[in-house]
Amino acid sequence: MNWKVLATVVVLLCVAAGGWFYTQRSVDYDMGETPAVVEDVAPAPQKIVKETLAVESEPDYQQAADAVVTAPDKVDNSDEVVRAAAKDLSENLASWLSPQH
């Protein structure tokens with residue numbers, strides 16, 4: 001008989017015997033005492049924390065926030081406001097947004 005076939009048959013028999021042993025062992029296994037009933041514990045009240053940025057707690061935050069250009073209310077004719085906001089962020093960005101004549 002070929003050794004490869006014999007080795008395959010032996011491995012399959014070992015796997016089958018292990019499966020049979022496992023299933024027979026789990027059927028006969030006594031769980032012992034039943035666990036006590038667990039009481040429902042009410043969850044602890046959650047502490048609600050207001051999320052703020054670290055920058056908001058700085059004293060000069062409101063001054064810097066007031067200096068920022070506000071967003072336009074309407075899209076129509078808002079080019080100048082967008083250019084001013086871009087210039088506030090970066091001069092290079094503002095140059096990209098300006099019309100080239």
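Just the heavy atoms: all of them, side chains too, but no hydrogens, waters or symmetry mates, feed the values below.
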Salt bridge (Lys or Arg N to Asp or Glu O under 4.0 Å) with E91: which residues, sequence neighbours excluded?
none
Among residues at least two apart in sequence or on other chains, which ones pass side-chain hydrogen bond (donor to acceptor under 3.5 Å, both in side chains) with E80?
R83
Quick check on side-chain contact (heavy atoms from CB on, under 4.5 Å): which of V11, V5, L12 does T8 satisfy it with?
L12
